[in-house]
There are 2 protein chains.
Amino acid sequence: MTGEQTRRRGAALEADILDAVWEELAEVGYARLTMEGVAARAKTGKQVLYRRWPNRAELVKAALPHRTGFLADQLPDTGELRADVLAVLRLMVERQREIGPDVIRGLLAEAPDLDPKVFGIMHDILLTLLRRAVERGEIPTADLPRRVVTVPAQLLRYEMVISRDPVADALLVEIVDDVFLPLVTRRG
Amino acid sequence: MTGEQTRRRGAALEADILDAVWEELAEVGYARLTMEGVAARAKTGKQVLYRRWPNRAELVKAALPHRTGFLADQLPDTGELRADVLAVLRLMVERQREIGPDVIRGLLAEAPDLDPKVFGIMHDILLTLLRRAVERGEIPTADLPRRVVTVPAQLLRYEMVISRDPVADALLVEIVDDVFLPLVTRRG
DNA sequence: CCGAATAAGAGACGCACCGTCTCCAAAGGG
DNA sequence: CCCTTTGGAGACGGTGCGTCTCTTATTCGG
């Protein structure tokens with residue numbers, strides 16, 4: 001078929017555009033991603049993009065869930081708190097590796113809102129792991145200050161976003177063994 | 001004197017430029033700060049800027065220490081660990097209030113290096129406070145994992161940069177009372 | 001104290017991308 | 001099957017980048 005006659009519409013077109021965003025991110029990174037570049041790669045016009053998203057930040061925000069899964073859908077259950085938390089942190093690292101660190105930093109700078117739900121979700125996840133540990137008798141209580149519950153997620157995100165060192169697995173172990181477990185086990 | 005004949009040079013000119021950067025940051029923020037805007041405000045040419053700094057990020061990075069002091073020069077010494085740490089965290093909040101949150105996020109996105117020394121300094125500061133507390137007999141030891149020592153600084157920076165909520169003083173108290181003090185006091 | 005070297009001030013230049021607008025043709029619904 | 005909606009393509013004015021050029025003030029070496 002030399003003459004491709006079809007013209008995409010609606011959801012199918014949108015999916016192609018978001019694919020193009022991912023390819024563009026992989027190729028040039030967030031900083032040099034342009035609306036024109038995405039439009040060209042998706043073989044469409046800029047107007048089609050602007051009809052859906054008001055700017056680059058919104059476009060990229062829309063593209064992220066198009067390929068990444070939700071953390072909450074992959075809750076580990078190893079039978080041990082330490083391993084559970086480590087597994088969740090490893091999922092976070094994996095997810096950020098897919099997305100790329102400069103995308104997150106770029107969005108932090110450009111997107112005025114950056115959905116707080118994305119961050120709040122970690123509290124629920126960790127609380128679930130803690131409650132299971134209580135049931136198993138591993139720790140005395142899951143009734144901990146909110147800040148204690150989210151501590152491992154926040155420390156990891158600090159490393160991933162602010163400090164630019166690549167996140168070594170040993171660092172996750174430090175977070176869990178030196179900070180989190182001491183806080184949740186020694187309570188009376 | 002209607003006819004101002006003098007032409008600034010070297011350090012004096014540089015100081016005027018960095019002042020102009022601060023004024024520009026205050027007026028339009030980091031995102032809309034432009035080299036042309038800074039040059040115009042400083043009443044000089046763009047070439048003079050590019051002769052000194054290769055781009056916007058470097059220019060702003062150079063401007064920051066021009067007006068902010070160094071945290072290490074204002075070490076508190078209240079006689080109590082809790083108050084010392086709170087005082088340091090309050091200094092951090094104050095400093096970020098001067099600089100503006102969008103400047104930090106902008107630099108994180110655009111500056112490829114963001115001097116790690118800026119971050120490493122907090123470890124030294126907190127370690128000093130801990131050692132004093134040991135001398136006073138408040139805590140058993142200052143020989144703690146690096147991650148434990150820096151925990152309050154990292155949690156605060158997480159809030160300041162990633163979460164966009166304004167940093168309430170109550171949050172500093174949470175960090176210290178719920179996380180830091182439990183970690184450094186209960187040790188054998 | 002003078003002439004050469006250096007740097008400041010000013011702005012033109014080509015370029016890239018923004019966000020808007022225009023035009024035509026394809027799709028698809030009633 | 002016609003008519004409304006949407007897609008594809010690109011022109012447009014505007015803004016800021018980073019470079020370059022030109023004139024003029026300042027400084028420094030002799």
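Sequence lines set the chain letters: A, B, ... in the order given, protein chains first and strands last, and positions in each chain run from 1.
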**Request:** Check B:R67, B:R8, B:R41, B:K43 against B:D19 for a salt bridge (charged side-chain N to carboxylate O under 4.0 Å, His left out) and give me the one that passes.
**Result:**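 It is B:R67, the one option of B:R67, B:R8, B:R41, B:K43 that forms the salt bridge (charged side-chain N to carboxylate O under 4.0 Å, His left out) with B:D19.
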
Counting just side-chain N and O atoms, does [X] come under 4.0 Å of either OP1 or OP2 of [N]?
X: A:T6; N: C:dA27; result: yes
X: B:T44; N: C:dA8; result: no
X: A:R56; N: C:dG19; result: no
X: A:R51; N: C:dC21; result: no

**Under 3.5 Å donor-acceptor, A:R56 side chain and A:Y30 backbone** = yes

**Message:** I'd like to know if the side chain of A:R164 and the backbone of B:L108 have a donor-acceptor N/O pair within less than 3.5 Å.
**Reply:**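 Present.
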
Under a 4.0 Å N-O cut-off, is there an ion pair linking [X] with [Y]?
X: B:E94; Y: B:R97; answer: yes
X: A:E14; Y: A:R51; answer: no
X: B:E138; Y: B:R136; answer: yes
X: A:E58; Y: A:K61; answer: yes

**Item:** Base-pair map of DNA chain C as dot-bracket, where | denotes pairing with a different strand and pairs are Watson-Crick or G-U under 3.5 Å
**Value:** ||||||||||||||||||||||||||||||

[N] base / [X] side chain donor-acceptor hit below 3.5 Å:
X: A:K46; N: D:dG10; value: no
X: B:R7; N: D:dT24; value: yes
X: B:R9; N: D:dT27; value: no

**Message:** Under 4.0 Å, heavy atoms only, any strand: does A:G10 hit a base, just the sugar-phosphate, or nothing?
**Reply:**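 Answer is sugar-phosphate: A:G10 comes under 4.0 Å of backbone atoms only.
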
**Message:** Please pick, from C:dG19, C:dC21, D:dG8, the nucleotide with the shortest atom-to-atom distance to any side-chain atom of A:E36.
**Reply:**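 Nearest nucleotide to the side chain: C:dG19.
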
**Item:** Closest-nucleotide 5' rank along DNA chain D - winner of A:R52 and B:Q47
**Value:** A:R52

**Euclidean distance, atom CD1 of residue A:I17 to atom P of D:dT6 [Å, nearest integer]** =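 A:I17 atom CD1 is separated from D:dT6 atom P by 14 Å.
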
**Prompt:** C:dA26 C1' sits how many Å from A:L13 CG, rounded?
**Reply:**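 Distance check: A:L13 CG to C:dA26 C1' gives 13 Å.
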
**Asked** Hey, can you pull the residues of residues 23-35 of chain B with a non-hydrogen atom under 4.0 angstrom from DNA chain D?
**Response**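 Contacts with DNA chain D under 4.0 Å: B:T34, B:M35.
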
**Request:** Locate the shortest heavy-atom distance separating B:A63 from B:V21; write the atom from each residue and the value.
**Result:** CB-CG1, 3.5 Å

**Item:** Minimal non-hydrogen separation, B:N55 against B:M35, with atom names
**Value:**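 So the minimum-distance heavy-atom pair works out to C-CE, 4.0 Å.
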
